[in-house]
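To keep things clear, I will list the structure first and then write my remarks on it.
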Amino acid sequence: MRPCILDPYAEQWKEGIWSVEFKQPQLQIARHYTPLPPVLSPIENQHGALRFLIRTEKGGEMSNYLAMLAAGDKLELRGPHSSLKLPKHLADVVFLAGGTGIAPAMQAAYTLLENQSAEYSSQLNIHIVWANRRREDCAGGGESLDESNVYSTATTGKLVRELWALQERHPKNLRIDYLVDEEKTILNQKRVSSLLRRDTQVSSPAFHPSIDSKLIIVSGPEGFVNYLAGPKKWWEGKELQGDLDGMLGHLGVRDWKVWKL
């Protein structure tokens, strides 16, 4: 019989999007990373363990430091730190995720669909758009069912399989689009405008539509966020949301709240 292990982050998984801070001791720098949600399979799920999607970047001081660590090495973490507490009366959530920005999208979907009341989560309409430069970053994403009515897992990435699992549990509430630059499926103004209109049309009638119930979250590399929603700004040592600009600003999405991560 396996011992019961309490998840020290259980409360964070109920509230919204959060991160932890990794410290690089030699350079005395720190970076925030968003944990991936727990695996839905009880066999694979390790309660209390944190998983991260981190891409090693050329010149990246923290990512290259982490890549050099071996299994068993110690790492100093600080947190958790709340990035966004999700409103309690959401109806429509559109998550525009670029690359590793899929981590907070998966966090939000898990929190809203797995850790809220069935009555509330069954009324939600969540749409994740995951944009990547290369197909290998989201291998298998967007594939059709085969003749046996199952997805092929031989060449499918782990995160795509986890997204499938969440989607299979909530087929009426979660939609996922996979866009790949090298395949010319670009997150352009026409596509964004179309998906916002479509998600508004399928919103649950159980919710009274208001700006507090409709949320767009943009997450990914700085250039991706700036392109879609404009840059954040610093004021007196704090990072603030800044004005809504970029593609969403030009579209004039007045009936949606927009949050930049």
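Remember, predicted model here, so these are calculated numbers, not experimental data.
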Glu183 vs Arg133, test: salt bridge (Lys or Arg N to Asp or Glu O under 4.0 Å). Steps then yes/no.
CA-CA 9 Å; Glu183 296 175 3; Arg133 293 179 179 178; over 6 Å; no
List the steps, then state whether salt bridge (Lys or Arg N to Asp or Glu O under 4.0 Å) holds for Glu61 with Arg31.
CA-CA 10 Å; Glu61 295 169 327; Arg31 296 287 186 272; 3.8 Å; yes
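A salt bridge does not link Lys238 to Glu236: none of the charged nitrogens lies less than 4.0 Å from a carboxylate oxygen. Glu239 has no carboxylate O lying under 4.0 Å from a charged side-chain N of Lys233, or vice versa, which leaves the two without a salt bridge. Classification of Glu182 and Arg134 as a salt-bridged pair fails, no side-chain N sitting under 4.0 Å from a carboxylate O. A salt bridge does not link Arg161 with Glu168: none of the charged nitrogens is closer than 4.0 Å to a carboxylate oxygen. The residues Arg169 and Glu114 are annotated as salt-bridged, a charged nitrogen and a carboxylate oxygen being separated by less than 4.0 angstrom.
No donor-acceptor pair under 3.5 Å is formed between the side chain of Asn132 and the backbone N or O of Cys138. Remark: side-chain polar atoms of Ser219 are not paired, donor with acceptor, to backbone N or O of Ala97 under 3.5 angstrom. Between the Lys23 side chain and the Arg78 main chain, no donor and acceptor come within less than 3.5 Å of each other. Looking at Thr185, its side chain does come within 3.5 Å of a backbone N or O of Val180 through a donor-acceptor pair. Side-chain atoms of Asp73 come within 3.5 Å of backbone atoms of Ala70 as a donor-acceptor pair (strictly under, hydrogens ignored). In this structure, Ser122 contributes its side chain and Glu119 its backbone to a donor-acceptor pair below 3.5 Å. Under the 3.5 Å distance criterion, the side-chain polar atoms of Ser121 are matched with a main-chain donor or acceptor of Ser117. Remark: the backbone N or O of Ile126 is not paired with any side-chain donor or acceptor of Arg175 at under 3.5 angstrom. Between the side chain of Gln116 and the backbone N or O of Lys14, at least one donor-acceptor pair lies under 3.5 Å. Remark: the backbone N or O of Leu27 is paired with a side-chain donor or acceptor of Gln24 at under 3.5 angstrom.
Clustering ILVMFWY residues whenever any of their side-chain heavy atoms sit less than 4.5 angstrom apart, transitively, puts Met68 in a cluster other than the one holding Ile29. Follow the hydrophobic side-chain contacts under 4.5 Å out from Val20 and you reach Leu69 in the same cluster. No chain of hydrophobic side-chain contacts below 4.5 Å, direct or via other Ile, Leu, Val, Met, Phe, Trp or Tyr residues, connects Ile186 to Val192.
Atom CG of residue Asn125 and atom NZ of residue Lys214 lie 9.0 Å apart, to the nearest 0.5 angstrom. Note that NE2 of His89 is 8.0 Å distant from OH of Tyr120, once rounded to the nearest 0.5 Å. Summarising the geometry, atom CH2 belonging to Trp235 is positioned 9.0 Å from atom CG belonging to Leu240; distances are rounded to the nearest 0.5 Å. In this structure, CG in Leu187 is found 7.0 Å from OH in Tyr227, a value given to the nearest 0.5 Å. Atom CZ of Phe224 sits about 10.5 Å away from atom OG1 of Thr100, to the nearest 0.5 Å. A distance of 10.0 Å separates CD of Gln107 from CG of Leu84, quoted to the nearest 0.5 Å.
With a 4.5 Å cut-off on side-chain heavy atoms, Pro35 and Trp18 count as touching. Inter-residue side-chain proximity for Phe22 and Ser63 is flagged as unmet; no heavy-atom pair is nearer than 4.5 Å. Taking the side chain as every heavy atom from C-beta outward, Asp92 and Ile216 never approach each other to under 4.5 Å. Leu195 has its side chain within reach of His127: a pair of non-hydrogen atoms, C-beta onward, lies under 4.5 Å apart. Side-chain atoms of Leu251 and Trp256, non-hydrogen and from C-beta on, never get closer than 4.5 Å to each other. Looking at Asp137 and Ile102, their side chains never come closer than 4.5 Å, going by heavy atoms from C-beta outward. With contacts defined as side-chain heavy-atom distances shorter than 4.5 Å, the pair Leu112/Val93 qualifies. For the pair Met106/Pro37, a side-chain contact is recorded, criterion being any heavy-atom separation below 4.5 Å from C-beta on.
Scanning all heavy atoms of the two residues, the minimum distance from Ser83 to Leu261 falls at CB-CD2, 4.1 Å. The two residues Gly101 and Phe95 make their nearest non-hydrogen contact at O-CE2, 4.2 Å. Contact record, Gly141 with Arg135: O-NH1, 2.9 Å, taken as the closest heavy-atom pair. Taking both residues in full, the closest heavy atoms of Leu174 and Ile128 are given as CD1-CD1, 4.1 Å, listed atom of the first, atom of the second, then distance. Closest approach of Ala139 to Val160, counting heavy atoms only: O-CG2, 3.6 Å.
Within a 6.0 Å radius of CG in Asp181, more than 12 heavy atoms belonging to other residues, nucleotides or ligands are found.
Using the six-membered ring where Trp is involved, Trp130 and Tyr178 have ring planes that are tilted, between 30° and 60° apart.
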